[in-house]
Every structure is written in structure tokens, then in C-alpha cells.
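Note that the coordinates shown come from a computational prediction; the quantities given were computed from them, not determined experimentally. Proteins come first, then strands; the chains are lettered A, B, ... in the order of their sequence lines, and each starts at number 1.
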Amino acid sequence: MKFEKIQAPKGVREYLPPESSAFDWVRTQLIAPAAASGYQLMELPVFEDTNVFTRGVGESTDVVSKEMYTFEDRGGRSITLRPEGTAGVMRAVIENNLDRGQLPVKVWYSGQFFRAERPQAGRYRQFYQVGIEAIGVEDPAIDAEVIAIADRGFKNLGLKNYRLDITSLGDAASRAAHRVDLMKFIGTLDLDEATAARAALNPLRLFDDKRPEMQEAMKAAPLLMDYLSAESSANFTQVLKYLDALKISYVLNPRMVRGLDYYTGTTFEFVHSDLGAQAGIGGGGRYDGLMETLGGQSLSGIGFGLGVDRALLAAVAEKSLPQDQFTSDLLIIPLGDDAMTTALITAQELRASGIKTEIAFGDRSLKGAMKGADKSGTQYVVVFGESELSSGVVNLKRMRDGDTSSVKIAQLKDVLRETLSR
RNA sequence: GUGGGCGUAGCUCAGCUGGUAGAGCACUCGGUUGUGGUCCGAGAUGUCGCGGGUUCGAGCCCCGUCGUUCACCCCA
């Protein structure tokens, strides 16, 4: 009987050994600054009531209108695999009244997200993001801190070839005023059907069109930055001053567009230069109306999401990954069943005292086991055989230079701890 | 969703204008009793992504399909 092989679903990225250790490292380093800044973990469901996203992210967005994994569960509820993190965090904050205590609420998350897009370099149907949210305080300083935390994460990875794009989308009044003039301007352009449809949904999108002729046409378009209310403008100026003080360099990009509808005020994006078309390694911003839209009180918040997959690609491109393959301190080669029993017991004791210990399993020849030991990169090897078991003394062999020394099994722990600490 | 490239051993790939598969690396075993790295020898492994078609004959041609990759779109 021969069964057909089963493949992973289209577009999912799996991290297997040996690359998985690099992935794990990247994810840990990226989000480490959040915990150091007083943010606390939120472990959330990967699926939510579909309304969390249709209302939170916005129906006009591509993410919601054509990229969501939505299905009906057995109770007839509409469920969606989360395509982003912020809306779910808001739902949980509201539902559990986290916003009824001291503000800001500061939380971080890490996990898988799902979008049914055509896979491409750096774009997967299941991808990993880490992110933070700071909810309930409107203070330009917190905007700057949030950005600094993201920047610190990328610096932790040793990344250099990226830039921070920043702009302000202002408050509701600013955007309304700008929109009128922008629509008027777009009306003067001769657009193809698809582009016109996009403009109708969100006129800001046209700023993001990569075609040179569109870039050219949009050069004369009115910029939201010039329509900011006095308050929004002052606020944004203060954010930039803080960033300057923190020595975080940025590029003012008044044409930046984000794909999620909830952004207001300070909005930013980290773009890496070595990644091809999918160059955004992280992004975020302030959201004034999101919480209210999801049925909570009217609090503003700010947060970011960083792409772990892309950050890993960036680190690979910049060769900034550490070479830290796991290698054990000691490998025990047991010969025979009795020796295996002793090996299992000894290994357990050694590991308990912090010595990374492996055992050579299977019925291999000693020579074969030694070859395996060599390839594994282990620092020391001992053989447990008849004579060792009866005498209680083994030859501790240092693989680096083949040097051996006679050690009692009972003293392996002390000898290894001593020699490894040097 | 649209368009282009690719899919041959675990990996990287070769396979001329169609004649029923190969290399290197990796892997396993051995080179006299229980000690690695080099060297030598031996060995195992493929329904040539899948399905259909053309042909006396297809890894090579055609169609479809799945996957992958790159770009558009969008975004992390």
C-alpha cells in the first residue's frame, strides 16, 4: 500500500532545522525591547469574529476585501484567521476591560497571521509578526518611544540597511479637508479602470502607485501634510523633535500610504533596501477611532507590527546572523544495554547541572559513532563500555585536539564544569 | 486576482536534434579486536511534481493541474 505524499498548503513558510534557530533568534531579538520597556505579553486567538476585522481594519482595504481567510464554524458563526494584530488586541482589551485601569495599556504580541495573497519573495500566506500597542495616552513622547522600540529591535538584529519613513495623517478634520482637494485633483487625471476604482475606495492609494507615469502625475497632487490642523501639526513636530533627541534618523514621506484604514496621526514604516519588492519590514502608527469602532470607549492608541519573516531575510541579506548552531558539551557513546542505562542516568545528571549532553543512540560501530561525534561538533566524548562500567573510570576525550584524560564517571560533572567554564 | 521563469536521487545540478537516467556533495558499511577529522573501497536511494495527449518510443514535444520563484497589486 502506497500513500500519496501530502504537501503543506500553498504559500506557507516553514522554519526547519538548522534555519529554525535563526528564526527563533530573530523573533526573540525583535521583540525583546518591548519587555524591557514595560510592555506585557498578550497571547491571543489566531481566529476572531470576522467583524473584528471588517469593522476594525476597514472593509475598503484590500486586506479585508480580498485577502482574508474567512469561514463558517460549526455553529454558523463567521470566523476569520487574523490578518493583522492590532484589531484583535483592541477586541481583547475592550472585552477584558484592560482599559479601565491605569493608562496607557502597554502590551506586546507575537504569532502567526494569515492573508490569502499570491506568495512572493517575503510574502507568505502564513507569516509571523511581533508587535506592541500602547493604548489610552495621547502624548507625542509615547509615539517616539514606540518607534524607538521598533528601531531598537531592528538594531538588535544588526540591521543597517533600512530607513524609517514617517508622516502624519492628522486628525479627522485635517483628512476631510485634504480629501476634498485630492479628489478634485484626481478628477483631472485620466485613469484606467482599475486605478479609478482604487482611487474611489481610497484616493491616498494613488500616491503608492509604482508606475513612473503615475508617480509623475501625482507629483502635483495636494499633500495631506499641508492640510494638518494646528494641533496635529504641533503634535507631529514634537514627535520628530523627540526622535531627533533619540538620534533616530527618519525620512519625512508625505506620500506614504498604509493599507489599514484605522491609522491617524503619526504613521511610520520601516523599509529595507536589500529585499526586493516586499521591502517593508515593519510599520505602524496611531489610531484614534479604532477602539470606539470596536465597541469600546473612545481612546487613542499607537502600535506597530514587525515582520519576522522579512526581518530574517534582511538579516540574511546583511549577513548579520550569529553563528550559533547548537553543539553539545559532551557526547556519551554507550556500548551495550547496561552502558546505555548508565549513559541515560549520567546524561540526566549532567544536564541538570547545566552541561549540554547528548547520547549516541542506535547500534552503531564505535568508529561510526565517533564519526557522528565529530560531525556533531561536540566538545568532549566519552565511551561507556564494559571496562569503564566496572572500573568507574572513563577517558574524557577533547575533540578539538584529541587530548584525553582519565576521569571517574562520578566526577564528570565537576571536571566538565571546571574545564568548560574556562 | 494578472503576467514571466522553474519543477530530474536528501542537497546542488547535468542529461546534445525524443531511443526507457547520471555527477559532485551528503548518507550507510568496511579498510583486523573499543576511539573522529584526510585517504581508499563498497553500497543504498529516483513511479524525472502529478494527470492526460502526440509517437513504434517522452525526463526531453503539446495540454491541463499542483507546487515553487520573480514582478504587478497589496503589505509584514
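Distance noted for atom C1' between rG46(B) and rC11(B): 14 Å (whole Å). Using atom P as the reference point in both rA26(B) and rG37(B), the two lie 13 Å apart (nearest Å). Rounded to whole Å, the C1' atom of rC72(B) lies 31 Å from the corresponding atom of rG51(B). Annotation: rC27(B) and rU12(B) have their C1' atoms spaced 16 Å apart (nearest Å). rG3(B) and rC73(B) have their C1' atoms separated by 12 Å, given to the nearest Å. Separation of the P atoms belonging to rC48(B) and rC60(B) is 10 Å when rounded to the nearest angstrom. When the C1' atom is used for both rU68(B) and rU35(B), the distance is 45 Å, rounded to whole Å. Taking atom P in both rG30(B) and rG49(B), the straight-line distance is 36 Å, to the nearest Å.
For the pair Q278(A) and rA76(B), the criterion of a side-chain N or O lying under 4.0 Å from OP1 or OP2 is not met. When the side-chain nitrogen and oxygen atoms of R118(A) are compared with OP1 and OP2 of rC73(B), none of them lie within a distance under 4.0 Å. Neither OP1 nor OP2 of rU35(B) sits under 4.0 Å from any side-chain N or O of K397(A). For S387(A), no side-chain nitrogen or oxygen approaches OP1 or OP2 of rG34(B) to under 4.0 Å. In this model, the phosphate group of rC29(B) is not approached by any side-chain N or O of K367(A) to a distance below 4.0 Å at OP1 or OP2.
Note: CE (M370(A)) to P (rC29(B)) measures 14 Å, nearest angstrom. In this structure, L396(A) places its CG atom 21 Å from P of rG34(B), rounding to the nearest Å. Residue D62(A) contributes atom CG, which lies 14 Å from atom P of rG1(B) at whole-angstrom precision. Following rounding to the nearest Å, I333(A) (CD1) and rG36(B) (P) show an atom-to-atom distance of 10 Å. Rounded to whole Å, atom C1' of rC73(B) lies 13 Å from atom CG of L206(A). Between the P atom of rA76(B) and the CG atom of D208(A) lies a distance of 11 Å, rounded to the nearest Å. Rounded to whole angstrom, the span from the CZ atom of F207(A) across to the P atom of rC73(B) amounts to 16 Å. Per the geometry, CG belonging to L16(A) stands 12 Å off P belonging to rC11(B), to the nearest Å.
Without hydrogens or angle criteria, R351(A) side chain to T346(A) main chain gives no donor-acceptor distance under 3.5 Å.
Within 4.0 Å of E386(A), counting heavy atoms only, lies at least one base atom of the nucleic acid. Among the protein residues, D209(A) comes within range of the sugar-phosphate backbone only, with heavy atoms under 4.0 Å from sugar or phosphate atoms but none that close to a base. Using a 4.0 Å heavy-atom distance criterion, T61(A) is classed as making no nucleic acid contact. Contact annotation for G402(A): base contact, defined as any heavy-atom pair under 4.0 Å involving a base atom. Within 4.0 Å (heavy atoms only), Q7(A) reaches sugar-phosphate atoms of the nucleic acid but no base atom. Within 4.0 Å of R13(A), counting heavy atoms only, lies no atom of the nucleic acid at all. In this structure, Y128(A) reaches neither bases nor backbone, as no heavy-atom distance under 4.0 Å exists between it and the strands shown. Using a 4.0 Å heavy-atom criterion, one finds that A373(A) contacts no nucleic acid atom at all. G276(A) comes within 4.0 angstrom of sugar-phosphate atoms only, judged by non-hydrogen atoms across all strands, and of no base. When heavy atoms are screened at a 4.0 angstrom cut-off, L306(A) is found touching no nucleic acid atom at all. Backbone-only engagement by Q129(A) is indicated by non-hydrogen atom pairs under 4.0 Å involving sugar-phosphate atoms exclusively.
In this structure, rC61(B) forms a base pair with rG53(B), meeting either the Watson-Crick or the G-U wobble geometry with both donor-acceptor distances under 3.5 Å. Taking a pair to require two hydrogen-bonding distances under 3.5 Å in either a Watson-Crick or a G-U wobble arrangement, rC39(B) pairs with rG31(B). Using the Watson-Crick or G-U wobble rule with both distances under 3.5 Å, rU12(B) pairs with rA23(B). Summarising the base pairing, rU17(B) is matched to no nucleotide, lacking a Watson-Crick or G-U wobble pair whose two defining distances lie under 3.5 Å. Across all strands shown, rU2(B) forms a Watson-Crick or G-U wobble pair, both distances under 3.5 Å, with rA71(B).
E388(A) contributes a side-chain N or O that forms a donor-acceptor pair with the base of rG34(B) under 3.5 Å. A donor-acceptor contact under 3.5 Å links the side chain of Q120(A) to the base of rC73(B). The base of rC73(B) is paired with the side chain of R123(A) by a donor and an acceptor separated by under 3.5 Å. Below the 3.5 angstrom threshold, one finds no donor paired with an acceptor across the side chain of K371(A) and the base of rG37(B).
Among the nucleotides rG30(B), rA76(B), rG37(B), the one closest to the side chain of S365(A) is rG30(B). Closest to the side chain of L366(A), out of rG67(B), rG34(B), rU28(B), is rG34(B). Side-chain atoms of A121(A) lie closest to rA71(B) of the nucleotides rC74(B), rA71(B), rU28(B).
Checked for salt-bridge contact, R398(A) and D403(A) meet the test: a charged N lies under 4.0 Å from a carboxylate O. Using a cutoff of 4.0 Å between basic side-chain nitrogens and carboxylate oxygens, R163(A) and D165(A) are scored as salt-bridged. At a threshold of 4.0 Å, the pair R258(A)-E269(A) counts as salt-bridged, since one of the basic side-chain nitrogens sits closer than that to a carboxylate oxygen. Under a 4.0 Å N-O distance rule, the pair R91(A)/E48(A) qualifies as a salt bridge.
Heavy-atom nearest nucleotides on RNA chain B were determined for G368(A) and for R115(A), and the one closer to the 5' end corresponds to G368(A). When each of V381(A) and A8(A) is assigned the nucleotide of RNA chain B with its nearest heavy atom, V381(A) is the one assigned upstream, toward the 5' end.
Other residues, nucleotides and ligands contribute at most 12 non-hydrogen atoms within 6.0 Å of the NZ atom of K160(A).
Ring stacking holds between F127(A) and rA76(B), with the centres under 5.5 Å apart and the planes within 30 degrees of each other.
Using cut-offs of 30° and 60° for the angle between ring planes, the F268(A) and F304(A) rings count as perpendicular.
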**Request:** Output, in order, the C-alpha distance, side-chain angles, deciding distance and verdict of side-chain hydrogen bond (donor to acceptor under 3.5 Å, both in side chains) for Q278(A) and Y124(A).
**Result:** CA-CA 11 Å; Q278(A) 308 303 321; Y124(A) 310 111; over 6 Å; no
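Cation-pi geometry between R82(A) and F113(A) is met: the NZ or CZ atom falls under 6.0 Å from the ring centre, inside 45° of the normal.
Proximity of the aromatic rings of F23(A) and Y128(A) is defined here by a centroid distance below 6.0 angstrom, and this criterion is met.
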